[in-house]
Amino acid sequence: MTATEAVAAMRAGVASVFPDAECVGVPMADGGEGTVDAVVDALHGQHVEVEVLDPLGRAITARYGYIPLRQLAVIEMAAASGLELIPPDQRDVLRASTFGVGQLIRSALNRGAEDMLIGLGGSATNDGGAGMLTALGAAFLGADGNPLEPGGAALRHLDRIDLTGLDPRLRNTRIRVASDVTAPLLGPTGATAVFGPQKGATPADVEVLEEALTQLATVAAVTLGKANPQRRGAGAAGGLGFAVVEFLGAESKPGVDEVAATVGLENALRGADWVFTGEGSVDAQTVMGKTPFGVAQAAARAGARVVIFAGRVAPDASVLLDHGVERLVAITAEGTPIEQALREGAESLRRATAEVCSDIRG
């Protein structure tokens with residue numbers, strides 16, 4: 001289900017027990033997959049399709065969200081540079097580029113965006129955002145003065161970054177980054193060491209890319225006067241988090257907090273007695289910044305009681321009960337085939353919501 005479909009299912013469940021209840025629906029996400037749809041639906045925006053280059057330089061159609069009344073663009077970097085765009089046998093993290101992300105940003109600027117929310121998750125890339133910046137007019141040059149090839153590996157030969165061609169509209173654009181990754185750019189807990197192998201990097205590739213991003217950080221510091229590769233979140237999306245903050249002046253916060261602020265969750269919670277939220281699977285990792293945890297934290301501040309619904313509730317999800325969550329409800333019986341669970345998800349959520357409401361009514 002999309003966030004909007006989940007909202008509709010829960011609303012129907014509430015209405016079947018409390019037909020006169022005021023039920024406010026707020027589609028939510030945490031900066032990963034589904035963020036564009038959640039924000040577009042919450043703010044009555046539109047989807048924009050644009051031809052971009054995928055991580056390996058092939059033309060694809062990607063989309064982002066745009067809310068004209070707020071001149072707000074909502075971009076998932078994975079739409080242009082995501083791991084799922086490349087079949088496993090074709091993945092090449094050494095030359096994968098974020099150029100397509102820059103094309104999405106440029107399209108949003110052309111549409112009139114003055115505010116951008118960019119979700120950093122699911123990347124196939126490890127180029128430190130160099131591809132994105134290249135699409136926006138920057139030039140990454142070797143010692144011979146020629147532009148480097150796309151991809152992270154080429155950055156080992158980076159000598160100079162020329163920002164004179166960087167799109168001037170970026171100076172007047174607010175950019176916010178939504179991510180739950182706290183890794184720095186470099187080191188054993190950085191972008192390459194932690195996430196590179198997930199994108200197909202061999203141990204030798206990891207050494208090459210770590211050297212490349214170290215060179216990028218060094219040249220960036222010379223170009224900008226300062227740069228902080230050890231900042232929390234700089235390693236998100238293969239170092240794209242480093243580029244958007246250092247070069248574009250982006251604000252970086254936990255993804256669920258940025259999405260909540262964008263869709264007006266705090267305002268919607270005022271006066272609420274109960275808050276229902278959920279996710280496909282809930283476990284102990286949910287407290288690390290996933291959507292239900294972020295919603296629960298906001299609900300606690302508003303004095304509302306929280307129920308989390310999920311297709312699967314792991315035993316260790318009980319930790320959420322120590323963080324303002326009153327109930328954890330599995331909407332499908334244990335052992336249900338995944339195909340059936342997906343097919344019946346909306347009805348299962350509606351039914352589970354109605355059962356909780358019946359318990360509340362007493």
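Each residue takes its place number in the sequence, starting with 1. Worth saying up front: this structure is predicted, and the values here are computed from it rather than measured.
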(request) Give, for atom OG of Ser81 and atom CD1 of Ile86, the distance between the pair rounded to the nearest 0.5 Å. (result) 9.0 Å
Is any side-chain heavy atom of [X] less than 4.5 Å from a side-chain heavy atom of [Y]?
{"X": "Phe18", "Y": "Ile360", "answer": "yes"}
{"X": "Leu209", "Y": "Leu94", "answer": "yes"}
{"X": "Thr332", "Y": "Glu344", "answer": "no"}
{"X": "Cys357", "Y": "Phe276", "answer": "yes"}
{"X": "Leu163", "Y": "Leu224", "answer": "yes"}

Expected output: side-chain [X] to main-chain [Y] donor-acceptor under 3.5 Å:
{"X": "Arg70", "Y": "Leu43", "result": "no"}
{"X": "Thr98", "Y": "Val101", "result": "no"}
{"X": "Thr286", "Y": "Val282", "result": "no"}

(request) Before giving the answer on side chain to side chain donor-acceptor pair (under 3.5 Å), spell out for Thr2 and Asp37 the whole-Å C-alpha distance, their side-chain angles and the decisive distance to 0.1 Å. (result) CA-CA 8 Å; Thr2 65; Asp37 289 341; over 6 Å; no
(request) Go through Leu133 and Leu248 one step at a time and tell me if the side-chain contact (heavy atoms from CB on, under 4.5 Å) criterion holds. (result) CA-CA 9 Å; Leu133 292 168; Leu248 304 185; 4.0 Å; yes
Distance-only side-chain donor-acceptor flag, [X] / [Y], under 3.5 Å:
{"X": "Arg270", "Y": "Asn267", "result": "yes"}
{"X": "Asp127", "Y": "Thr125", "result": "no"}
{"X": "Thr262", "Y": "Arg176", "result": "yes"}
{"X": "Arg58", "Y": "Gln90", "result": "yes"}
{"X": "Asp205", "Y": "Thr202", "result": "yes"}

Residues, nucleotides or ligands: over 12 heavy atoms within 6.0 Å of [X] [atom1]:
{"X": "Arg232", "atom1": "CZ", "answer": "no"}
{"X": "Glu326", "atom1": "CD", "answer": "yes"}
{"X": "Gln340", "atom1": "CD", "answer": "yes"}

(message) What verdict does the side-chain contact (heavy atoms from CB on, under 4.5 Å) test give for Val26 and Val7, after you've listed the backbone C-alpha separation in whole Å, the side-chain angles of each residue and the deciding distance to 0.1 Å?
(response) CA-CA 7 Å; Val26 183; Val7 164; over 6 Å; no
(message) Set out, in order, the CA-CA distance, both residues' side-chain angles and the distance that settles side-chain contact (heavy atoms from CB on, under 4.5 Å) for Asp273 and Arg305, then state yes or no.
(response) CA-CA 6 Å; Asp273 297 298; Arg305 301 162 74 179; over 6 Å; no
(request) Looking only at non-hydrogen atoms, find the nearest pair between Lys199 and Gly238 and report the distance. (result) NZ-N, 3.5 Å
(request) Indicate the atoms forming the closest heavy-atom contact of Val40 with Gly65, along with that distance. (result) CG2-CA, 3.6 Å
(request) Inspect the contact between Glu76 and Arg63 and indicate whether a charged nitrogen and a carboxylate oxygen are less than 4.0 angstrom apart. (result) no
(request) Could you go through the salt bridge (Lys or Arg N to Asp or Glu O under 4.0 Å) check for Arg343 and Glu339 one step at a time? (result) CA-CA 6 Å; Arg343 185 174 62 250; Glu339 297 82 5; over 6 Å; no
